[in-house]
Protein chains: 2
Amino acid sequence: MTSLPLHERIRTDIESRILSGELKPGDKIPSEKELMSRYGCARMTVNKALSALNAAGLLDRRKRAGSYVARPRTVAMMLDVPDLPTELARRGQIYGFRLLDRRISDTRRWREIGKKIGCEGRVLVTHGVHFADDVPVAYEERLVSLAAVPEIESQDFANEPPGSWLLRHIPWTEAENCIGATGANAVTARALKVSIGTPCLSVERRTWRAAECITFVRQLYIAGSYELIARFGSTGRG
Amino acid sequence: MTSLPLHERIRTDIESRILSGELKPGDKIPSEKELMSRYGCARMTVNKALSALNAAGLLDRRKRAGSYVARPRTVAMMLDVPDLPTELARRGQIYGFRLLDRRISDTRRWREIGKKIGCEGRVLVTHGVHFADDVPVAYEERLVSLAAVPEIESQDFANEPPGSWLLRHIPWTEAENCIGATGANAVTARALKVSIGTPCLSVERRTWRAAECITFVRQLYIAGSYELIARFGSTGRG
DNA sequence: CAGCAATAAATGTCTATACATAATTGCCCA
DNA sequence: TGGGCAATTATGTATAGACATTTATTGCTG
């Protein structure tokens, strides 16, 4: 009997009636006044519940008009993009990283690099392999803008892959993932110790901090060794 | 000069200091008491701002201990789960669907079906191919619980694939996607007119309505023909 | 009947207060 | 020294009231 707080109970009451289809998009929700007498509580309590549903995108609220069930625009789900070392540790596997190559390039001389990362200037380029229990699971190519992250030039990535280093040191405001499938090519197949053409999950990610591109990464996970999980749960809470 | 409400100003103040890196993961945020004297307002106002940041996952708040900048474990991103017909129409391609097989099975006789969908009873099983401009792009296997969706038994899916029909008719409360890569097997390769072993993006999705499983679907997208996009923007707000 | 103005109804924000709950800190005693 | 209890502190929840803002409705007027 941990009895939820009242505002959460009001929230989940309405939420479940929306999600179950009992309340359809466009339907009107009782006014705060009505709900406060129905639940026998103060208006702030009802307001907290409805504001949360509004913030979660389940309700549209307009002054004087009332609260209405929002019509869903896009079906969006939460995708947990994992940090590989963290994720493997959680599974009880031993994580390893081997740096295959590390060089500094310049978008003015190597155009295709600028195209990938989407910025100008000097760029740190690394290639490496992620291991789980000494078995290769992923190949990684990474570009890091040295204009945005000059400190990274002094890192050797002996103990920590560039991605984890960046995650710990560099805050970012926006990112975009592109998820697809592809076959391993000659270079990646050799690094991952699989045959050419082996299916791989491909994750490409660009990360920005306030309009400035920080890094581009392309990871190839050997089919079956790794999967992404995306959830849509009733709410963003948990 | 519409001057934001105070609680939003407090929120964005702190939020921008987190996102800019001025406040790092693990750093302590001033207590509500301190913030209320700093902004010259009541505690509820500060509380509203901090609670919102907490709900957004930017803060960890613990009683007695205080509020701390959350350390991003797995970064949650928004994944737009596509409805294939809608998505292709948006791209200006002509969508098509061919039903290859349709049967009704029972989890009590076919155990592996019950295992996939995670429920008991009679199940509608369909196999089909999605086309873009008459070219196959995806193979789909779908299981639908007839206990949860009896109406679907009378559908023939001549005009509309089962997924779109479900999306339009059946509300759901929870879903989970599992995204990986795999090679086409004999059956799927023949249906997609590719050679066996061709890399494919695999999306498996289970959908529930209030603890009752509605449907399981497994889609195989031919590598290169389709990609998922996931975005993360600074805040969950619009 | 059209257009405009007043009214009322709903949400939005904020205050000041109260008590509840959890966790840290430190003190006391074995 | 160390274990356990109590005091303290910060957050969590809730109340009752006030005023602001937006906008649908109503009613008045030409």
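Proteins come first, then strands; the chains are lettered A, B, ... in the order of their sequence lines, and each starts at number 1.
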B:T107 meets the side chain to side chain contact (heavy atoms under 4.5 Å, CB included) criterion, sequence neighbours left out, with B:I113, B:E120, B:V123
Applying side chain to side chain contact (heavy atoms under 4.5 Å, CB included) to B:T126 and not counting sequence neighbours gives B:L99, B:R102, B:L124, B:R142, B:F157, B:P162
Among A:I29, A:N47, A:L53, side chain to side chain contact (heavy atoms under 4.5 Å, CB included) partner for A:R61:
A:N47
Taking side chain to side chain donor-acceptor pair (under 3.5 Å) as the test, write out the residues that go with A:R98, two or more places apart.
none
How would you list, by chain and number, every residue that makes a side chain to side chain donor-acceptor pair (under 3.5 Å) with B:T182, sequence neighbours excluded?
none
Once you round to the nearest 0.5 Å, how far does CG of A:D13 lie from OH of A:Y39?
3.5 Å
Is atom CZ of B:R91 surrounded by more than 12 heavy atoms (other residues, nucleotides or ligands) closer than 6.0 Å?
yes
Under a criterion of less than 4.0 angstrom to any heavy atom of chain A, what are the 5'-terminal and 3'-terminal contacting nucleotides of DNA chain C?
C:dA8 to C:dC14
Between A:A42 and B:K33, which has a closest nucleotide on DNA chain D that is more 5'?
B:K33
Earlier contact from the 5' end, DNA chain D, for B:S31 and A:H7:
B:S31
Derivation and outcome, side-chain hydrogen bond (donor to acceptor under 3.5 Å, both in side chains), residues B:Y221 and B:H130
CA-CA 9 Å; B:Y221 299 89; B:H130 299 271; over 6 Å; no
Atom pair distance, as rounded to whole Å: [atom1] in [X] and [atom2] in [N]:
X: A:E32; N: D:dT15; atom1: CD; atom2: P; answer: 13 Å
X: A:M36; N: D:dA16; atom1: CE; atom2: P; answer: 8 Å
X: A:Y39; N: D:dT13; atom1: OH; atom2: P; answer: 17 Å
X: B:R61; N: D:dA10; atom1: CZ; atom2: P; answer: 12 Å
X: A:L4; N: D:dT13; atom1: CG; atom2: P; answer: 10 Å

So, is B:S67 close to the D:dT11 phosphate, meaning a side-chain N or O under 4.0 Å from OP1 or OP2?
yes
Produce a footprint string for nucleotides 20-27 of chain D: one letter per nucleotide, 5' end first; B if the base is under 4.0 Å from any protein heavy atom, S if only the sugar-phosphate is, - if neither.
-BBBBS--
Of A:K63, A:K48, A:R43, A:R38, which meets salt bridge (Lys or Arg N to Asp or Glu O under 4.0 Å) against A:E32?
A:R43
Look at all strands and tell whether B:L50 reaches a base, only sugar-phosphate, or nothing, counting heavy atoms closer than 4.0 Å.
nothing
